[in-house]
Q: 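Could you have a look at this structure, given as structure tokens, before my questions?
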Amino acid sequence: MDTVSSRGTGEAPVVVRTRAELAAARSEVKGTLALVPTMGALHEGHRSLMRHAREKGDTVVVSIFVNPLQFGPDEDFDRYPRTFDDDLAACTAEGVDLVFAPSREVMYPHEPQVTIRSGPMGEVVEGAARPGHFDGMLTVVMKLFQLVRPDVAFFGQKDAQQLAMIRRMVADLDVPVRVEGVPTVREPDGLALSSRNRYLSPEERKTALALSRALRAGEEAAEAGPDAVVRAARAVLDEAVTADPPLRPDYLVLVDPATFTEVGGSYSGPAVLAVAGRVGTTHLIDNVPLRFGPSAA
Ligand code: PAF
């Protein structure tokens, strides 16, 4: 088997599946190690994370693990796309050095008793729509940080609350990892890239565009202040509720990006307009960063 240091340019990444293999590969790494944690089904958004990691890291590691802990009992864990060969091709094209692809048994050799609790911030917005999701997500991210020991880790801004929660975990628990957010990648018509987009039929995909349209409408109303933003975005969602197939909105909120508490009225400072909804059986989320107040221009 190739080792991380003997791998030539353009060669496929070294793939490790066990803790021992990962530890052996990790011990060879010199310089900055950049980690891109993923659940596979890699798309252009993930490739953008890898490119940012490639810029900042001497060694780039991608983890691929569909984490059962972050799926609710009625969610899509079983049907979540598993596309390892295509994922490996994407990692090769982006010059990734090492892929860590553990099985469930490797990641959770026994049922975990002690897990990360996301606290109040994990119970609002997406956390209210998906109870327990952020606890499971933070638990696996913490385990990946412990196993891979990266210097820097990259996460998409599309999962804005996830990114905020990971930053908070790292700050609150003194985890020695730098966390970097990478802007959302969109299709030309505005749809945010997501591994779940492949569940959508062409008609459902048309309805799903209401999410990014709502965000754009909100963005365009930003000069009129926070409440106008929410009103403009809501009007778009209200229309999509009557589409065929319909959008079933889960939430539309304007929040402080660091705490995910709602803002409005005369709020001044950075904000995130976040939206989520179901089309058919697919749960989709999206958001856009905004800024209010004197420095907004
Ligand atoms: O964003 C994801 O793909 C997942 O939530 C993550 C961060 C890889 C944890 O399983």
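Start at 1 and go down the list; that is how both ligands and their atoms are numbered.
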Q: Just which atoms of ligand 1 are under 4.0 Å from any heavy atom in T38?
A: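 Those of ligand 1 that fall under 4.0 Å from T38 are 8 (C).
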Q: Suppose we measure from atom 4 (C) of ligand 1 to each protein heavy atom; which comes out shortest, and what is that distance?
A: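 Scanning the protein heavy atoms, the shortest distance from atom 4 (C) of ligand 1 goes to Q70 NE2, 3.7 Å.
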Q: Note the single closest protein heavy atom to atom 1 (O) of ligand 1, along with its residue, its atom name and the distance in Å.
A: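 Answer, as residue, atom name and distance: Q162 NE2, 2.8 Å.
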Q: Side chain, backbone, both or neither: which applies to M137 and ligand 1 if a contact is any heavy-atom pair less than 4.0 Å apart?
A: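 The part of M137 near ligand 1 is the side chain, not the backbone.
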Q: Using a strict cut-off of 4.0 Å, indicate which atoms of ligand 1 neighbour a heavy atom of V140.
A: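 Answer for ligand 1: 9 (C), 10 (O).
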Q: Going by heavy atoms in the side chains, are K30 and D58 under 4.5 Å from each other?
A: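 Side-chain contact under 4.5 Å: no.
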Q: Among residues two or more places apart or on two chains, list those pairs meeting salt bridge (Lys or Arg N to Asp or Glu O under 4.0 Å) that have a residue in residues 95-107.
A: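 Counting only pairs at least two positions apart or across chains, the salt bridge (Lys or Arg N to Asp or Glu O under 4.0 Å) contacts touching residues 95-107 are R7-D97, R54-D97.
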Q: I want to confirm something. Looking only at heavy atoms, which of M39, H133, K143 is nearest to atom 3 (O) of ligand 1?
A: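 Heavy atom nearest to atom 3 (O) of ligand 1 belongs to M39.
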Q: Honestly, is R82 close enough over F77, meaning NZ or CZ under 6.0 Å from the six-membered ring centre and within 45° of the axis?
A: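 That pair qualifies as a cation-pi contact.
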Q: Report the residues that fulfil ring-ring contact (aromatic ring centres under 6.0 Å, His included) with Y251, sequence neighbours left out, ordered by chain and then residue number.
A: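 With neighbours one apart ignored, the set is empty.
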Q: Inspect the contact between D238 and R231 and indicate whether a charged nitrogen and a carboxylate oxygen are less than 4.0 angstrom apart.
A: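 Salt bridge absent between R231 and D238.
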